[in-house]
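Accompanying notes for the structure given below.
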Amino acid sequence: MSNLIDTSIAIILAGQSANGAVVASPTFSQYGYSWLRDGMWIAYGMDAAGEYDSARRFYRWAAETLPRYQTKADLLLAKLANGDTPAEADYLPTRFRLDGDLGTEDWPDFQLDGYGAWLWGLVKFVNRHNDDDLWAAARPAVVLLVRYLAALWQSPNYDCWEEHRQHIHPATLAAIYGGLNAVRQREPALVPVGLPEAVRDFVLQNAVSADGHFMKYLGNNEVDSSLLWIAVPYRLVEPTDSRFLATVAKIERDILRPDGGVYRYAADTYFGGGEWLLLTLWLAWAYIELGRRDEAAKLIAWVESQATAEGQLAEQVEGHVLDQSYFQPWVDRWGTSALPLLWSHGMYLLLKSLMKED
Ligand code: BGC
């Protein structure tokens, strides 16, 4: 195996189509689509690794794809304004075919975090590279998404794991907050006055448990590793905020395997619920921001130890699943779980670059 950085770049480039769309996993039966959440993080990791062109092509692709759904979004917003309840199919999708079309299978589409994530990543990229041309090209998509998020942020919607449709998820709100805040920094007039603060205050008022940590969703006192997003990177609070530190501590207690990686959440049964490589890298990122560099290095080394001989990183690993009885039913349903998962490779590139900088 050549080094895992080069292999990661090669795997991502092989999964990116000429128009810039990036497949979530080239081999897993369900993941032959381009997600905005996965794609943004893959692009962010590629940018950090010096692969600017690949990152830019992804942002361009989404900037061209989203306005194709302007009419769909307008109809939805009109329904909401009329007080009508939209049908599930009225919402914008969570993933697109690589040609930008909608998929034909049923999928948990009403999901908002990916839109916030994409806005956040886009602004980071544009600012980092002074890429006014990209911003100009992306503006119609940005305007569309800000309207969409402004109308819907308080609605229950699927979480980033495409579960729990009826609940409100702080990690999702953090992505929305991060995206809106980023757009406002770039071009203040595009964001309704006070909207990012309204999102933030809602989380702080409703999503902190009695013992002081952020909760998986409103009314559920467990933690989920995606809660790390609240501070890293979306800065709804600072990483040193006591509520964030309490969340990290509970993640460590409840869903970090000693000498292993992190789980998504304690009740996870998807493919039995294994440790997720990209989330383990996220905890490493939080550690870097908290000055806990040795612990970050240990988690990154563990992720490296999970790469296959060909240098592929999975979505999750099977050695210590939370509930073995759920493993085979998922394999029977969809085949073996995603390997490689390009989001895992994107996060790996990001973390290697952060460790170098630090
Ligand atoms: C995960 C999503 C992810 C998608 C594609 C799903 O299983 O829950 O977060 O975007 O896979 O990787």
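Just so we're clear, the structure is a prediction, and the values are computed from it rather than from any experiment. Every heavy atom of this structure was used, including side-chain atoms; hydrogens, water molecules and symmetry mates were not. One-based numbering, in listed order, for ligands and for the atoms of each.
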Electrostatic pair Arg165-Asp159, nearest N-O below 4.0 angstrom = no
Stepwise side chain to side chain contact (heavy atoms under 4.5 Å, CB included) test for Tyr263 and Trp276 | CA-CA 6 Å; Tyr263 298 96; Trp276 276 51; over 6 Å; no
Among Glu222, Glu163, Glu275, the one residue meeting salt bridge (Lys or Arg N to Asp or Glu O under 4.0 Å) with Arg264 = Glu163
What residues come within 4.0 Å of ligand 1, counting heavy atoms only?
-> Ala24, Tyr31, Trp35, Arg37, Asp38, Cys160, Trp161, Glu162, Arg264, Tyr270, Glu315, Leu341, Trp343
Show me the side-chain donor-acceptor pairs of residues 117-127 shorter than 3.5 Å, one per line, residues at least two apart or across chains.
residue, atom, partner, partner atom, Å
Asn127, OD1, Arg186, NH1, 2.8

With sequence neighbours excluded, tell me which residues meet ring pair (Phe, Tyr, Trp, His ring centres under 6.0 Å) with His164.
-> Tyr217
Across all chains, not counting sequence neighbours, the salt bridge (Lys or Arg N to Asp or Glu O under 4.0 Å) partners of Asp74 are Arg147
